[in-house]
2 protein chains.
Amino acid sequence: MRVTIRDVAQRAGVSVSTASRALSGARPVGTELTTRVTAAARALGYRQNRLASALRTQRTGTVGMVVPQISNPFFPALVEAIERSLSGSGRQLLLCDAQRDPAVEAVRLQALADRQVDGLIVAPVSAVASADALAAVAAEVPVVQVDRYVTDADLDWVGVDDAAGLRLIAGHLADVGARTVVLVSAGSESSTGRSRLAGFGPAAARHRLTTAEPLLGEYGIDWGVRAADLLRARGPLPDAIVGGNDEIALGVVRGLRAAGVRVPDDVLVTGFDDAGFAALADPALTTVRQPHALIADECVRLLDLARAGGEQAPRRIALAPTLVVRASTTRS
Amino acid sequence: MRVTIRDVAQRAGVSVSTASRALSGARPVGTELTTRVTAAARALGYRQNRLASALRTQRTGTVGMVVPQISNPFFPALVEAIERSLSGSGRQLLLCDAQRDPAVEAVRLQALADRQVDGLIVAPVSAVASADALAAVAAEVPVVQVDRYVTDADLDWVGVDDAAGLRLIAGHLADVGARTVVLVSAGSESSTGRSRLAGFGPAAARHRLTTAEPLLGEYGIDWGVRAADLLRARGPLPDAIVGGNDEIALGVVRGLRAAGVRVPDDVLVTGFDDAGFAALADPALTTVRQPHALIADECVRLLDLARAGGEQAPRRIALAPTLVVRASTTRS
DNA sequence: CCCGGCTGGGCAAACGTTTGCCGATCAGTA
DNA sequence: TACTGATCGGCAAACGTTTGCCCAGCCGGG
């Protein structure tokens, strides 16, 4: 049988309420009693039953998170950052995987809400198919979207400033002498695909880069490989290929290589996200690093704000990324 | 105010206990009442408060997991598998990151125990420094170790059969004509380092491979790079280099490349784990794939067993890996 | 007609906390 | 001395469930 606050109170010779107050500091308790209670607690090895506490206070000290797929290397980094950001205030992360399926995602969201999490951080699987479940759960508990967002829902969002990232890339490519660039990215099912596409044109124009028609598929290495072929079939290659994320970029590199095109000697390639393997790939990938820690902090801050402040206009926070130059755009 | 079982009972015109029994099926309830209760629950959109339920039943339907570092690409795959395995029985995973620090790990373990998780799945940070905290928490809740284990604690463990993995690698290397091999792995702080070292010699001998003195450092790409240099300094390279995990192997490839040694043309390299980037690397890495799903299922099974069966001798379950042959050992 | 057993509904007590309220004690002031 | 207010301990009621126990009703057997 675990030791309860009742045992502590008994050993300290005080009432349960006094013990509770002495331990939690909810109200001042005489110094002598306080020491007696804390001594008793230590002696007995008392540790609070968070469940009972949560039932009473309506606060679990737990934040739920749902990611589309944890094995997608972008998310572990984010999870880690959020876990760290939360642990600063003694909270825990309850993590779920949506298995890339909006139906699974809906179940997970409900399960987390049933567990009375204090807040929910969600990277929605789909910009449209995830909307209903997200809206439903947002009615019960503060929700912050991260990385991706659903359309038609007035929910907070925190992510990277895609336009800024593309400006960084365009600037860098211009610096190393590229004149013509083409974007290979994901289509508009995901919000990031949409905004990276939107940001590309202006960024290129700003640095006087000539662009060709973008190739839009899906985030994934396979699409990158295929896009490389399509690109070669289209005629002479551009000076640089801008990948919508690191996986696409890596696929492009692989596809070009298979055809005897060398990176970076014949064509430059850039990624987006700075997922773990971007540095490990060969050639190491020039990319744009998402500010994980900042994103995480911002998510947590918005959750706290939502709890404190009640209803407000949804906030959309786009944080500035940084450029990471590696071998894939460095001519030796 | 959320709708409680009380509201459901009221609307159905029955007592709270009947409502509870009708919904949970804990005891048979007349068919008419059952339908009335379920109809009321649906109409009101009732969803059980898991906290209250857990407080009463002493079962949270939540399993805690602590990993050394979620951004280490091996763990997301494991987390995903375990999450999936648990969701089959309607349970949730409460994930924590130990930030590679036994002290943080201890805090996380306690925090999970305080939240009354039904079980704990832990990949200990350190074979020795993690032992005390793990033993302490194991006194309160069933614990299963995964991947790594601590010495001097009688706790269940589930992981991969390192010896079998090395036999697969040795056999494959012998098949492709290698005669001399050397192991580059991690030292004995981690249990896997120890057992992979132990398995290497016999596996090589079985396939009549000549071995040289192993190089032992730590899991990580940097050590691989350094080891490649050490190896070259030592004299003529072996036919094949066996990495203790994929990161080391990739580091070795990089180190060799930098010195103008080609993989696989000049020397073969293998990894271990089949982390996500192993397939993405260039050359794609021949490696041994951990059976994530099996490991996950086994962890969950052991936890359930521990809850049901009470105290028993600790079980150590080593599951057979499979060989994945890729470019790093394929001479064209 | 009586009795025993079974079915199924409801009361109320838990689970381990927190907290509103009451009242006791004590110091300070008139 | 009496009164006021502040300080602080304790009682007991919550939080939302589940479940042990009791009891009513009913059926079948003797």
Side-chain angles (χ1 to χ4, degrees), chain A residues 1-38 40-41 44-62 90 110-111 113-118 140-141, chain B residues 1-38 40-41 44-62 90 110-111 113-118 140-141:
Chain A
M1 194 52 191
R2 255 186 81 148
V3 26
T4 78
I5 201 172
R6 194 175 233 89
D7 304 320
V8 174
Q10 191 159 12
R11 181 176 234 256
V14 298
S15 75
V16 182
S17 25
T18 305
S20 171
R21 288 197 265 253
L23 292 173
S24 74
R27 229 183 57 180
V29 168
T31 47
E32 197 233 324
L33 287 194
T34 304
T35 56
R36 241 163 61 202
V37 169
T38 49
L44 295 172
Y46 168 74
R47 291 205 333 273
Q48 186 194 48
N49 181 331
R50 306 294 301 251
L51 246 52
S53 171
L55 181 60
R56 180 61 228 253
T57 60
Q58 310 283 25
R59 306 234 12 236
T60 54
T62 304
Q110 289 293 345
D114 290 349
R115 281 182 170 73
Q116 314 283 109
V117 292
D118 295 339
E140 320 183 5
V141 53
Chain B
M1 194 52 191
R2 256 185 80 145
V3 26
T4 78
I5 200 171
R6 189 175 236 94
D7 303 320
V8 174
Q10 190 160 14
R11 181 177 233 255
V14 298
S15 75
V16 182
S17 23
T18 304
S20 170
R21 287 198 264 255
L23 292 173
S24 74
R27 229 183 58 181
V29 167
T31 46
E32 196 234 326
L33 287 195
T34 304
T35 56
R36 242 166 56 205
V37 169
T38 50
L44 295 172
Y46 168 74
R47 291 206 332 272
Q48 186 195 48
N49 180 330
R50 306 294 302 252
L51 247 51
S53 171
L55 182 61
R56 181 61 230 249
T57 61
Q58 310 283 27
R59 304 233 16 233
T60 54
T62 304
Q110 289 293 344
D114 290 348
R115 280 179 169 77
Q116 313 284 108
V117 292
D118 294 340
E140 322 184 2
V141 54

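Basis for what follows: all heavy atoms, side chains included, without hydrogens, waters or symmetry-related copies. Letters A, B, ... mirror the listed sequences (proteins, then strands); counts begin at 1.
With rounding to whole Å, B/Arg50 atom CZ is found 16 Å from D/dG16 atom P. Atoms CD1 (B/Ile5) and C1' (C/dC15) sit 16 Å apart, rounded to a whole Å. Summarising the geometry, the separation between CZ on B/Arg56 and C1' on C/dA12 is reported as 11 Å, rounded to the nearest angstrom. In this structure, B/Gln58 places its CD atom 13 Å from C1' of C/dT17, rounding to the nearest Å. Here D/dG16 presents its P atom at 18 Å from CZ of A/Arg115, a figure rounded to the nearest Å. Look at CD on A/Gln116: it is 9 Å from C1' on D/dG16, rounded to the nearest Å. Rounded to an integer number of Å, the gap from B/Leu23 CG to D/dT19 C1' is 15 Å. Straight-line distance from the CG atom of B/Leu51 to the P atom of C/dT18: 13 Å, rounded to whole Å.
If you check C/dG9, C/dC11, D/dT18 against the side chain of B/Ser17, the one that comes closest is C/dC11. With C/dG9, C/dG8, C/dT18 as the choices, the nucleotide that has an atom nearest any side-chain atom of B/Pro28 turns out to be C/dG8. When distances are taken from the side chain of A/Leu55 to each of D/dC15, C/dC11, D/dT19, the shortest belongs to D/dC15. Taking every side-chain heavy atom of B/Ser53 into account, D/dT17 is the closest of C/dG8, D/dT17, C/dT17. Side-chain atoms of B/Asn49 lie closest to D/dG16 of the nucleotides C/dT17, D/dG10, D/dG16.
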Write out a two-atom table: protein N or O, nucleotide N or O from nucleotides 21-27 of chain D, distance below 3.5 Å.
| residue | atom | partner | partner atom | Å |
| --- | --- | --- | --- | --- |
| D/dC21 | N4 | B/Arg27 | NH1 | 3.0 |

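Distance alone, capped at 3.5 Å, is enough to place a donor-acceptor pair between the B/Thr62 side chain and the B/Thr60 backbone. Side chain of A/Thr57 to backbone of A/Ser53: a donor-acceptor contact under 3.5 angstrom is found. Distance alone, capped at 3.5 Å, places no donor-acceptor pair between the A/Arg47 side chain and the B/Ala111 backbone. In this structure a side-chain-to-backbone donor-acceptor pair under 3.5 Å is missing from B/Ser20 to B/Val16.
When the nearest nucleotides of DNA chain C are assigned to B/Ala19 and A/Thr57 by heavy-atom distance, the more 5′-ward of the two goes with B/Ala19.
At a cut-off of 3.5 angstrom, counting only N and O atoms as typed in the model, there is no donor on one side facing an acceptor on the other between the side-chain of A/Ser15 and the base of D/dC11.
At the heavy-atom level, A/Val16 lies under 4.0 Å from base atoms of the strands shown.
With sequence neighbours left out, B/Asp118 forms a salt bridge (charged side-chain N to carboxylate O under 4.0 Å, His left out) with B/Arg59. Every residue two or more places apart in sequence or in another chain was checked for a salt bridge (charged side-chain N to carboxylate O under 4.0 Å, His left out) with A/Arg6, and none qualifies.
Residue pairs meeting the salt bridge (charged side-chain N to carboxylate O under 4.0 Å, His left out) criterion with at least one member in residues 48-58 of chain A: none, sequence neighbours excluded. Listed by first and then second residue, the side chain to side chain donor-acceptor pair (under 3.5 Å) pairs that reach into residues 21-30 of chain B come to none, sequence neighbours excluded.
Applying the 6.0 Å contact sphere to CD of A/Gln10 captures no more than 12 heavy atoms from other residues, nucleotides or ligands.
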_salt bridge (Lys or Arg N to Asp or Glu O under 4.0 Å) assessment of A/Arg2 paired with B/Asp114_ = CA-CA 11 Å; A/Arg2 255 186 81 148; B/Asp114 290 348; 3.7 Å; yes
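Sorted by residue number, the members of residues 30-37 of chain B with any non-hydrogen atom under 4.0 Å from DNA chain C read B/Gly30, B/Leu33.
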